[in-house]
Amino acid sequence: QVQVVESGGGLVQAGESLRLFCAASGRTVSSFVMGWFRQAPGKEREFVAVISKLGGTTDYADSVKGRFIISRDNAKNMLYLQMNSLKPEDTAVYYCAATEGVGITWPPRRVAQYAYWGQGTQVTVSS
C-alpha cells in the first residue's frame with residue numbers, strides 16, 4: 001500500500017497560480033497511477049487530473065484543461081498539480097489519490113477506482 005499527504009493549498013486571488021504537492025510513502029510510488037480530485041462544499045468529489053505510472057500519459061477534466069498541469073517525480077516520491085489562471089469555481093478541498101491500476105480502463109476518472117487517499121488541502125480562490 002501507499003500513504004499520501006497533500007500540501008500547498010491556500011488563499012489566492014482569481015487569475016493567480018498555486019502549486020499543490022503530494023508526498024507518497026510506502027510501496028514504490030512508480031507502482032501507482034496517481035490522480036488529483038477535488039470537492040467543493042455541498043458537491044460530490046470530482047476528478048481533476050491523472051498521470052500514468054511513469055508520467056508519460058496524462059488526462060484532465062475539461063474544466064481545468066489548459067490551466068492545470070499534473071506531473072510526478074518518482075525518484076522523490078512526489079506528485080504535483082500546477083494550477084494557473086485560477087477561478088473562484090476552483091475553490092475546493094483537493095485530494096491526492098493512488099491506484100495500482102490493475103484492470104482499470106484508462107483514464108481512471110472515478111473515485112471508486114482509487115484505493116488510497118490523502119486528507120486533502122484547501123484551495124480558496126477569491127474574486
Side-chain angles (χ1 to χ4, degrees):
Q1 62 181 18
V2 64
Q3 295 79 41
V4 293
V5 179
E6 306 92 338
S7 62
L11 171 64
V12 296
Q13 293 188 335
E16 293 184 341
S17 298
L18 203 60
R19 195 181 197 198
L20 301 185
F21 303 85
C22 173
S25 60
R27 279 179 54 195
T28 304
V29 69
S30 59
S31 299
F32 298 88
V33 171
M34 304 290 292
W36 287 99
F37 288 74
R38 66 187 182 186
Q39 187 166 17
K43 295 187 176 181
E44 292 187 351
R45 194 169 298 189
E46 65 174 7
F47 167 79
V48 174
V50 62
I51 188 167
S52 59
K53 294 179 181 181
L54 298 183
T57 306
T58 58
D59 185 64
Y60 297 90
D62 288 344
S63 59
V64 307
K65 196 173 296 183
R67 299 189 297 123
F68 289 13
I69 301 172
I70 187 171
S71 62
R72 66 191 296 165
D73 186 337
N74 287 342
K76 296 182 179 179
N77 289 336
M78 292 293 297
L79 175 73
Y80 308 99
L81 185 68
Q82 178 66 42
M83 305 186 295
N84 302 318
S85 302
L86 282 161
K87 305 176 181 180
E89 51 263 43
D90 294 319
T91 295
V93 176
Y94 282 71
Y95 296 91
C96 172
T99 175
E100 292 170 297
V102 177
I104 292 177
T105 302
W106 182 269
R109 291 186 166 205
R110 293 188 292 114
V111 170
Q113 293 177 301
Y114 292 80
Y116 308 102
W117 294 85
Q119 293 301 306
T121 184
Q122 176 71 46
V123 172
T124 303
V125 184
S126 63
S127 57

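If you're wondering where the values come from, they're calculated on a predicted model, not measured in any experiment. The basis for the numbers below is simple: all heavy atoms, side chains too, and nothing from hydrogens, waters or symmetry mates.
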*asked:* Before you tell me yes or no, could you show the steps for V111 and F47 under side chain to side chain contact (heavy atoms under 4.5 Å, CB included), namely the whole-Å CA-CA distance, both residues' side-chain angles and the distance that decides it to 0.1 Å?
replied: CA-CA 7 Å; V111 170; F47 167 79; over 6 Å; no

Closest heavy-atom pair and its distance - [X], [Y]:
{"X": "V50", "Y": "P108", "value": "CG2-CG, 3.9 Å"}
{"X": "Y60", "Y": "I69", "value": "OH-CA, 3.4 Å"}
{"X": "A14", "Y": "P88", "value": "CB-CD, 4.1 Å"}
{"X": "V33", "Y": "I51", "value": "CG1-O, 3.4 Å"}
{"X": "V2", "Y": "S25", "value": "CG2-O, 3.2 Å"}
{"X": "A92", "Y": "Q122", "value": "O-NE2, 3.5 Å"}

Is there a side-chain contact between [X] and [Y], using heavy atoms and a 4.5 Å cut-off?
{"X": "E16", "Y": "L86", "answer": "no"}
{"X": "E44", "Y": "E46", "answer": "no"}
{"X": "S7", "Y": "T121", "answer": "no"}
{"X": "L18", "Y": "F68", "answer": "no"}
{"X": "R45", "Y": "W117", "answer": "yes"}

Between [X] (side chain only) and [Y] (backbone N and O only), is there a donor and an acceptor less than 3.5 Å apart?
{"X": "T91", "Y": "V125", "value": "yes"}
{"X": "R19", "Y": "G9", "value": "no"}
{"X": "N74", "Y": "K53", "value": "yes"}
{"X": "E6", "Y": "C96", "value": "yes"}

*Decide side chain to side chain contact (heavy atoms under 4.5 Å, CB included) for L79 and F32; before the verdict, give the C-alpha distance in whole Å, the side-chain angles of both, and the deciding distance to 0.1 Å.*
CA-CA 11 Å; L79 175 73; F32 298 88; over 6 Å; no

How long is the gap from [atom1] on [X] to [atom2] on [Y], to the nearest 0.5 Å?
{"X": "K65", "Y": "D59", "atom1": "NZ", "atom2": "CG", "answer": "6.5 Å"}
{"X": "M78", "Y": "M34", "atom1": "CE", "atom2": "CE", "answer": "9.5 Å"}
{"X": "Q1", "Y": "S31", "atom1": "CD", "atom2": "OG", "answer": "13.0 Å"}
{"X": "Q13", "Y": "S127", "atom1": "CD", "atom2": "OG", "answer": "9.0 Å"}

With the 4.5 Å side-chain cut-off for hydrophobic clustering, are [X] and [Y] part of the same group?
{"X": "V29", "Y": "W36", "value": "yes"}
{"X": "M83", "Y": "V4", "value": "yes"}
{"X": "W106", "Y": "Y114", "value": "yes"}
{"X": "V93", "Y": "I70", "value": "no"}
{"X": "V123", "Y": "Y95", "value": "no"}

*Sequence neighbours left out, what pairs pass salt bridge (Lys or Arg N to Asp or Glu O under 4.0 Å) with at least one residue falling in residues 66-76?*
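As it turns out, the salt bridge (Lys or Arg N to Asp or Glu O under 4.0 Å) pairs with a partner in residues 66-76, which skip direct neighbours, are R67-D90.
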
*Between F21 and Y80, is the ring centre distance below 6.0 Å?*
yes

